[in-house]
There are 2 protein chains.
Amino acid sequence: MNYEALLINKNLKKTFPRLKVLEILDRADGFLSADDIHSSFKDEAHSLPLSTIYRVLDSFLKEDIVHELNLDHRNIKLYEIAHKHHAHHLICVECDKVIHLKECPVHSFEEDLKETYGFKMNHHSLDFYGVCDQCQKAL
Amino acid sequence: MNYEALLINKNLKKTFPRLKVLEILDRADGFLSADDIHSSFKDEAHSLPLSTIYRVLDSFLKEDIVHELNLDHRNIKLYEIAHKHHAHHLICVECDKVIHLKECPVHSFEEDLKETYGFKMNHHSLDFYGVCDQCQKAL
DNA sequence: TCCTAAATGCAAGTCATTCTCATTAAATTA
DNA sequence: TAATTTAATGAGAATGACTTGCATTTAGGA
Ligand SMILES: [Mn+2]
Ligand SMILES: [Mn+2]
Ligand SMILES: [Zn+2]
Ligand SMILES: [Zn+2]
């Protein structure tokens, strides 16, 4: 993934914080919270302030570089590099593991809703909460 | 709706705060936030502290007397008296209107997930965000 | 190189929610 | 009914995720 090219493509200035956050998100294999990103810096000295991280994430959200996930069971938002298609999730309330689901089973349902209610649709969120295989055994 | 009977039924002590919150939620025709409940008291003097309201709501959640809705676009939770079936929602990001959807289009999908991933399922949330009919005209 | 708007760092602020702890009240028991 | 036990409440402080104000820096274009 070419970070600089991506930023230029999205008309975002190529700054150190943006490159760093992009790199951290790209190397992570799942969702990260703003705080995860903050603490993924080895030495606090060369870290980024949380305010900057939030601002960077906002700019990424606007340009659809990242996607945001609101967790029901914890009061935080998680971020990851946006993949081509929006995804739905299977979330373990014990270990916070997030499994991506490729399919979207509500596409035609959504079309019906637009029709029926005259809604201009922004997005939908569909997430399943439960206890994963491993955590069930561990309990 | 018989508030006292409901509380007794759920093994909750019949206290003034609980009866009040129950009544307010029952009379409201949609979702309310903790703050909505707080400010629905005419005179601040005979109001309930927010801490109590949150505690009452927690006890109601545990007994499934109320349902909770997490809004993606605002950082708050909304509550309403639980109806028989869980519901999904069509939410206007302009006026915060919430339309209840009776159908659940993901039941069989959920069954498949349990099967496939060995998840013990708690709940799922499915909400559609957009701009309602009226707000589209108003903009 | 110079200029300007945009981005940053830091600190302080916000706001929903939770917690602490002393006091009160509900339900159980005697 | 009175005493006992235990959960619930009120008041306010604390928390924690996120946001904002403002002075300073920097990116990218002129
Ligand atoms: Mn979908
Ligand atoms: Mn459903
Ligand atoms: Zn798990
Ligand atoms: Zn609307």
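The sequence lines fix the lettering, A, B, ..., with proteins before strands; numbering per chain opens at 1.
Contacts of B:R18 with the nucleic acid, taken as non-hydrogen atoms under 4.0 Å apart, involve only primed sugar atoms and P, OP1 or OP2. Base contact: B:T52 has a heavy atom under 4.0 Å from a base atom.
For A:S51 against C:dC10, a side-chain-to-base donor-acceptor contact under 3.5 Å is present. Scanning atom types as modelled, no donor and acceptor separated by under 3.5 angstrom connect the side chain of A:R74 and the base of D:dG16.
We find that NE2 of B:H38 is positioned 13 Å from P of C:dT17, with the value rounded to whole Å. Whole-Å rounding puts the B:L48 CG to D:dA8 C1' distance at 12 Å. Atom P of nucleotide D:dA7 and atom CD of B:E63 are separated by 14 Å, given to the nearest angstrom. Rounded to an integer number of Å, the gap from CG of A:N11 to P of D:dG28 is 11 Å. Following rounding to the nearest Å, A:E4 (CD) and D:dA27 (C1') show an atom-to-atom distance of 12 Å. Rounded to whole Å, the distance from CG on B:N75 to P on D:dT20 is 13 Å. At whole-Å resolution of the value, NZ in A:K13 and P in C:dA5 are 10 Å apart. Per the geometry, NZ belonging to A:K20 stands 13 Å off P belonging to C:dG9, to the nearest Å.
Comparing B:P49 and A:I8 by the nucleotide of DNA chain D that holds the closest heavy atom to each, the one mapping nearer the 5' end is B:P49. Summary of the strand contacts: B:Y79 and B:K14 both lie near DNA chain C, and taking for each the nucleotide with the nearest heavy atom, the more 5' one is attributed to B:Y79. Take the nearest nucleotide of DNA chain C for B:D35 and for B:F16: the residue whose nucleotide is more 5' is B:D35.
Out of D:dC18, D:dG10, D:dT19, the shortest distance to the side chain of A:K77 is found at D:dC18. Closest approach to the A:V56 side chain among C:dT8, D:dT9, C:dT17 is made by C:dT8 (side chain taken as heavy atoms from C-beta onward).
For the OP1/OP2 pair of C:dT18 and a distance below 4.0 Å, the side-chain nitrogens and oxygens of B:Y54 include no atom meeting the criterion. Dashed line: the shortest gap from a side-chain N or O of A:S59 to OP1 or OP2 of C:dA7 is not under 4.0 Å.
A donor-acceptor contact shorter than 3.5 Å is absent between the side chain of A:E80 and the backbone of A:L25.
Atom CD of A:Q136 is separated from atom CD of A:E94 by 10.0 Å, given to the nearest 0.5 angstrom.
With a 4.5 Å cut-off on side-chain heavy atoms, A:L69 and A:V98 count as touching.
In summary, B:E23 and B:R27 engage in a salt bridge, as defined by a charged side-chain N under 4.0 Å from a carboxylate O.
There is a side-chain donor-acceptor pair under 3.5 Å between A:D43 and A:H46.
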